[in-house]
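A quick write-up on the structure given underneath.
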Amino acid sequence: MRRWSLGAGRFAVTAVPALWLLLFFAVPFLIVLKISVSGMRLGMPPYEPLITWASSLVFELRVHLDHYAFLWQDPLYRNAWLNSLQVAAVSTLLCLLLGYPLAWGIARATPAWRNLLLLLIMLPFWTSFLLRVYAWLGILKNNGLINNTLLALGVIDRPIVMLQTDFAVYLGIVYSYLPFMVLPLYAAIEKLDQTLLEAAADLGCRPFRAFLAVTLPLTWGGIVAGSLLVFIPAVGEFVIPALLGGPDSLMIGRVLWEEFFNNRDWPVASAVAIAMLLLLVLPIVVFQHVQGRTPVVR
Amino acid sequence: MHCAKHYGLLTAAVISLAGCGGKEESAPVPVAEAKELRVYNWSDYIAEDTIANFEQQSGIKVTYDVFDSNEVLETKLLAGRTGYDVVVPSANFLERQIQAGVFMQLDPAKLPNLGNMDPEIMARVAQHDPGNAHAVPYLWGTTGIGYNPDKVKAALRVDAITSWAQILDPASAAKLAQCGLTLLDAPSEVVDSALIFLGRDPNSEAAEDLAAAEELLQKIRPHVRYYHSSQYINDLATGEICVALGWSGDVLQARDRGAEAETPVNVAYSIPSEGAIMWFDMLAIPADAPHPGNAHAFINFVMDPQVIAGVSNYVSYANGNAASVALLSDDVRHDASVYPTAEVAARLHPHLAESQEYSRELNRAWTRIRTGQ
């Protein structure tokens with residue numbers, strides 16, 4: 001009897017997220033998958049039905065796989081994909097390098113300071129993401145805050161072009177996603193038992209070696225969680241490169257937008273989305289699986 | 001008020017009759033329309049008091065939303081059930097959307113103000129909408145060159161920009177790079193403008209024409225600051241850039257903003273001597289609009305000479321309403337960049353809809369141009 005109620009309780013607890021995933025991930029995914037194998041047409045909606053009923057029993061199923069073949073043939077999609085991966089990887093690394101010391105500092109601050117600092121990390125979320133990216137436009141532009149200050153101080157005699165460059169894209173992404181890196185890192189570092197480091201020091205371990213041997217493995221979970229939270233949305237990022245990036249910043253989010261809006265080709269746009277998801281999620285699932293089996297403890 | 005209500009009922013009855021016979025009306029029509037209307041128009045594209053005046057006159061409550069690109073509007077329309085009663089696509093987009101079955105046919109009996117429209121403009125838009133069956137022109141403009149005369153004089157040693165060569169010729173574009181040259185992020189309008197400069201037909205859809213335009217645009221690419229369809233308004237007005245391939249009314253809005261600035265910035269607009277693309281934004285009613293009767297009433301209201309003159313005076317775009325010309329303010333009516341002279345108007349090309357195949361080729365070429373690969 002006890003076992004049964006435990007099972008029912010477990011079921012109830014997992015049913016909510018499962019239902020959530022079904023409604024907001026599986027169903028939309030299947031709709032997009034369906035459109036990606038439909039034929040294109042000029043009409044409402046702009047794709048052909050997958051199944052046409054000839055009578056109540058006979059139906060015709062037309063599956064178009066040529067959209068996927070098309071993605072493979074045109075180097076545009078591969079280049080955009082690789083470029084997105086590169087931008088996301090560099091941004092994630094920068095977030096990690098900035099975020100780790102930040103999270104460390106917060107976790108080691110006095111409780112009163114800690115709450116204040118955490119609040120400051122989360123404070124930007126109270127302003128719309130879009131507005132914050134627009135604010136960078138005002139800061140970076142040729143007669144913006146930075147250039148005008150430097151010009152007034154006489155440091156430079158001609159504005160530095162910062163907007164519409166890769167620099168601005170990286171700055172925008174790192175700025176926007178840094179909290180997603182800091183919060184999981186903070187949670188991991190905060191749980192770290194300080195006495196372990198003292199023990200390492202007592203045993204003659206230098207601080208840097210102690211960091212590598214003790215701190216890093218014990219906060220590895222936070223590093224992975226933070227990196228995934230930054231990396232995954234950064235790959236598909238559309239707004240930041242569109243507003244801050246130069247014309248040559250070719251990212252998969254932009255390509256997807258163009259397929260959907262400019263080419264009005266919903267099937268190819270859906271194929272891009274599905275391919276992007278598979279290429280992104282499968283390696284991560286494999287990675288998580290491997291991570292789960294081999295705990296990183298030396 | 002009572003009268004207006006009666007009118008609403010009558011409208012609904014007529015519409016449902018038309019619905020039985022018409023081929024394009026599939027949406028069920030309610031017996032009586034609520035006194036509501038949802039309008040979806042371009043941003044910064046109406047006078048401040050237009051909507052309020054309509055509400056006051058008709059007793060219909062208007063929900064007014066804005067968009068900033070034809071692509072966004074089109075995607076919503078093709079997905080269907082937008083809930084909008086009046087939308088304002090450009091004619092080249094409208095042409096294709098009519099083929100997709102997006103719009104209902106207008107009922108001329110409910111648009112008595114149609115008589116105010118300029119027959120020449122109606123003939124031009126009939127190239128997109130045969131017989132003017134689905135839409136009436138709202139405002140129109142050209143795609144030309146906005147520039148800062150002071151900075152251009154310093155860079156090119158000329159008083160005014162008069163030719164596409166001054167921004168599309170690589171040697172000249174190189175001289176403008178430092179003060180800031182920008183292009184619209186609108187593939188067909190930039191490529192069409194390049195084709196006009198090259199003396200080719202912008203609507204040919206020929207592969208060699210597209211290739212020639214691409215080669216030219218690739219050459220000036222290193223000198224282009226950015227490709228964007230609205231940012232140049234602000235940047236021209238603040239002097240952040242000196243030349244923009246842009247839309248007439250937008251450049252004129254930049255001119256007004258620049259003149260009002262603390263340190264005034266000069267901005268001018270040019271329709272180059274080789275000619276330019278002329279485009280129309282059209283008022284149309286989606287086939288599944290919830291309030292088609294109110295939508296007709298709104299379109300008829302906008303065709304009132306007084307109303308549309310107020311809009312043109314406010315946004316610096318020309319309209320297609322012959323009866324409104326006398327009511328325009330002098331600086332709009334006599335501004336050749338708003339109402340081009342007959343000689344210039346003869347060199348304006350229509351912007352016809354592209355086939356799906358050409359559209360894909362064009363957008364692919366545009367990505368190569370923008371990214372340089």
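With respect to B:R360 and A:E259, a salt bridge is recorded, a charged nitrogen being found less than 4.0 Å from a carboxylate O. A salt bridge does not link B:R364 to A:D265: none of the charged side-chain nitrogens sits closer than 4.0 Å to a carboxylate oxygen. By the 4.0 Å N-to-carboxylate-O rule, A:K141 lies too far from B:E240 to be salt-bridged with it.
The most heavy-atom pairs under 4.5 Å with chain B, out of A:F261, A:F260, A:W266, come from A:F261. Annotation: maximal heavy-atom pairing with chain B below 4.5 Å, among A:N79, A:V255, A:D74, A:V161, occurs at A:D74. Contact tally against chain B (heavy-atom pairs below 4.5 Å) for A:N262, A:L250, A:V268: the top residue is A:N262. Note on A:L243, A:L163, A:L137, A:L42: by heavy-atom pairs under 4.5 Å with chain B, the leading option is A:L42.
For the residue pair A:M44 and B:L77, the shortest heavy atom distance occurs at CE-O, 3.4 Å. Heavy-atom minimum distance, A:N143 versus B:T238: ND2-O, 3.8 Å.
Side chain of B:E71 to main chain of A:R264: no donor-acceptor pair is present (N/O by atom type, distance under 3.5 Å, no hydrogens or angles).
For B:Q97, no part sits under 4.5 Å from any heavy atom of chain A, backbone or side chain. Heavy-atom distances place the side chain of B:D185, and not its backbone, under 4.5 Å from chain A. For chain A, the nearby part of B:Q178 is the side chain; its heavy atoms alone come within less than 4.5 Å. Heavy atoms closer than 4.5 Å to chain A are found in both the backbone and the side chain of B:S359.
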